[in-house]
Every structure is written in C-alpha cells, then in structure tokens.
There are 2 protein chains.
Amino acid sequence: MGQNQKINQKVRDIFTDFLELKGLRKTPERYAILEEIYSNSGHFDVEKLYLKMKKNNYRVSRATVYNTLDLLENCELVVRHQFHNNISEYERSFGASQHDHLICTDCDKVVEFCDPRIHAIQSMAGELLKYEITNHSLILYGQCKKENCENKKAKKKARKN
Amino acid sequence: MGQNQKINQKVRDIFTDFLELKGLRKTPERYAILEEIYSNSGHFDVEKLYLKMKKNNYRVSRATVYNTLDLLENCELVVRHQFHNNISEYERSFGASQHDHLICTDCDKVVEFCDPRIHAIQSMAGELLKYEITNHSLILYGQCKKENCENKKAKKKARKN
DNA sequence: CTCGGTGCAAAGCTTTTGCATCCGC
DNA sequence: GCGGATGCAAAAGCTTTGCACCGAG
C-alpha cells in the first residue's frame, strides 16, 4: 500500500468518524469530493473543483461542493484561505506540513514558507487576551527580487496606482 | 489645533502629494471620502462608508467609493483586510499603531494585538525567499474564554458543524 | 418510510463595467 | 475644451437559498 493510498484511507476514516459523530449521512457525493481533493495537492477554488469533477464524469452540483467543503473545513481535512480577492481558496490539510503564504503583488504567485515563531506568537497572544486560539492565517505580500517573475497581474490589469 | 485636526491636515497633504505625483485629479468626492474615513476609527466596509456619507448628505456613488478606496490603499492611508468572509473591510492606517487581528469564531468580534516578532518573521522570510516584503496580514482565530462573549454568530446562523 | 441531501435554478451580495454627463486642469 | 472622474444602472462573479426529488439509514 503506497503512501498516498494510506493517507487516503486515513482521511476517509476521519471523515466517516466526523459524519457519524454529527449524525450526518455518508453520501457518495461527499466521499467523491473528498477523494478528488486528496488526489492532488495545491490550492483550488470551488469552481476549479467543480469543473475537475465534471471532467472526470462525476456529476455533483455546486451546492453540494459548497456544502461538503464546509464539512471538510469543520473536520479539519481542508483549510480555507482568504487571499486578497473575494473568493475562497481551499487546500487539503491532512498529511501536509503546517505552512503560511507569501503572495507576489506583481504576479499573484503564492509561495509557501514556515516559521516556528508564529506558534509562539499565537500562544502568547491567546494567553494575553484570554482566547483559545485554534488556527491562524499569515500572509506576506511583496515583490519577487528575481528577474524571472512574469508579472502576470500587470498584464492582466493595468493597476491604477 | 487639536491632534485630530493635525492628523487630518497631514493626511490630506499626503493624499494631495500622491494625486499630484500620479497626475490624478483632486476631486471634491475624493477628499470627502478621505475626510469621512478619518472622522472615525475602526473597521468598515464599502457599504457602511457609502451609507454613512449618504446620511451626512454627501452624495457619492458606490463606484467612486470603490475607486477612491483603491487610491487610498495605494498611498497607504487605508489598509484593506480580508477576513474570513467574502467582503473587503478597510481601516485607516495613518496615525495608528501597526497591529494584527484576532477574531472570535463564536461571535465574530475583532480584537487587535501587536507582537514585534512578526516583523522579524517578515524580514527573515523575505530574505530567504528573495522577496521584498511590503506588508502582511496575520489573523488569529479562536474562542473567547471569558463568559461575556455574546456568541452572536451562533444566533445568526446555526452552524452546520 | 423518513427526513436529510442533492441538483437545479433563482436570488442575494459584493464588486466591476459601460456610458453619458460633468468638471478639474 | 480635453480627458479623466463621476453617477447610475446593468452586468459579472461568488455564494446562498428554495423547492422538488432522491436515497441513506
């Protein structure tokens, strides 16, 4: 059994436990969506996932995709990111290392990075303010200093700055 | 001259310099919007600002509000936040200390806090990844441990978790 | 059999866009 | 007077909702 298959099995089990705990139904659509998400890594939005499933001849409605993503977010198999536009991006979160994001303000490219001090900040702030912190979102914005940054955004839309 | 008036004058000057530098017009609408934003502190969204101006008998279109907020964001008189919903929230950023946000997952209340280590993370990540970091967004999510947390969200919508 | 879940389409919200008019320069 | 800015309304996205039907328990 390969590493991926092992992860997929574990993930299905977590989802099943969650659904049973909450008294929710174990529908094929829900498992199909989970499967699809864990068949790749990287960021995706609802539309991308919806179209990918359609292409693979698995027909689900957008409503079900939204519903299932909510569930998966609640059982922490998926994290939702809110980057600086008004659409929700998602990412699978089991079997992946905790990380944060750096976004290029020229080309929108997303780079992942990790810094242990964030957890220190998180727990200290929680203690100080009397909050039980469950998660965080750290996004850095900046320009790539390398010359191979393709500057897509500038092409896409001449920014009025 | 009071502290607020001094700030308002400084802020107008910054905006004027910015508009002149970019060759943009100094329209009364733009200054009226800036004025309205700096007449209060705290977070606001486009609709809230739009209605506030309307109530004060200053008629601007939503389109102009969006346009001007873009300009103000570019000259760093306003920061835009993307919390975990799909609407943009703004906050004036001149004359206020740099801070980050903690959001209560029960009642959506936003608390501000500050930790100097974030700047260290920011510059180290930038150096490592060869990016010129210009700004960041750090949001912590958690539940208030005090009993006076009114749990508005639970009322607003029985979350399907 | 029941009632939660799905699919579809309509509605809701925020944001963007097109165009005629206006006004800063 | 020119060309950018505004106002309005329509259009465009993303997300939620309503309702008839389906199927998991």
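The sequence lines fix the lettering, A, B, ..., with proteins before strands; numbering per chain opens at 1.
- Counting only N and O atoms by type, the side chains of A:Lys52 and A:Asn40 include a donor and acceptor under 3.5 Å apart.
- Of the residues in residues 26-50 of chain B, those placing a heavy atom less than 4.0 Å from an atom of DNA chain D are B:Thr27, B:Glu29, B:Arg30, in numerical order.
- Ionic pairing of B:Arg80 and B:Glu91 is not present here: no N-O contact between side-chain nitrogen and carboxylate oxygen is shorter than 4.0 angstrom.
- The listed nucleotides are C:dT17, C:dC8, C:dT16; the one nearest the side chain of B:Tyr66 is C:dT16.
- Between the CZ atom of A:Phe83 and the P atom of D:dG13 there is a distance of 21 Å, rounded to whole Å.
- A:Gln82 places its CD atom 11 Å from the C1' atom of D:dC14, with the value rounded to the nearest Å.
- Here C:dC13 presents its P atom at 21 Å from CG of A:Asn85, a figure rounded to the nearest Å.
- When all heavy atoms of A:Arg25 and A:Arg30 are compared, the pair lying nearest together is O-NH1, 2.7 Å.
- The separation between B:Asn67 atom CG and C:dC19 atom C1' is 16 Å, rounded to whole Å.
- Counting only N and O atoms by type, the side chains of A:Glu36 and A:Asn56 include a donor and acceptor under 3.5 Å apart.
- Closest to the A:Arg59 side chain, of the nucleotides C:dT17, C:dG7, C:dC8, is C:dC8.
- Each of B:Ala63 and B:Gly23 was matched to the nucleotide of DNA chain D holding its nearest heavy atom; the match closer to the 5' end belongs to B:Gly23.
- The separation between B:Ile87 atom CD1 and C:dG12 atom P is 18 Å, rounded to whole Å.
- Note: CG (B:Asn86) to C1' (D:dA12) measures 15 Å, nearest angstrom.
- Whole-Å rounding puts the A:Arg62 CZ to D:dT17 C1' distance at 15 Å.
- Side-chain atoms of A:Thr105 and A:Gln143 form a donor-acceptor pair, as typed in the model, at a separation below 3.5 Å.
- OP1 or OP2 of D:dC8 has not a single side-chain nitrogen or oxygen of B:Ser61 nearer than 4.0 Å.
- Donor-acceptor pairing under 3.5 Å is recorded for the side chains of B:Gln122 and B:His136.
- At its two ends the helix from C:dC1-D:dG25 to C:dC25-D:dG1 runs along axes set 30° apart, each axis drawn from five pairs and the angle rounded to 10°.
- Between B:Phe18 and B:Phe15, the ring planes lie parallel to each other; the angle is under 30°, not in the 30° to 60° tilted range.
- Remark: C1' of C:dT2 and CZ of A:Arg25 are 8 Å apart, rounded to the nearest angstrom.
- The list of salt bridge (Lys or Arg N to Asp or Glu O under 4.0 Å) pairs with a residue in residues 111-129 of chain A, not counting sequence neighbours, reads A:Asp115-A:Arg117.
- Under the 3.5 Å distance criterion, with hydrogens and angles disregarded, a donor-acceptor pair is assigned to the side chains of A:Tyr31 and A:Thr16.
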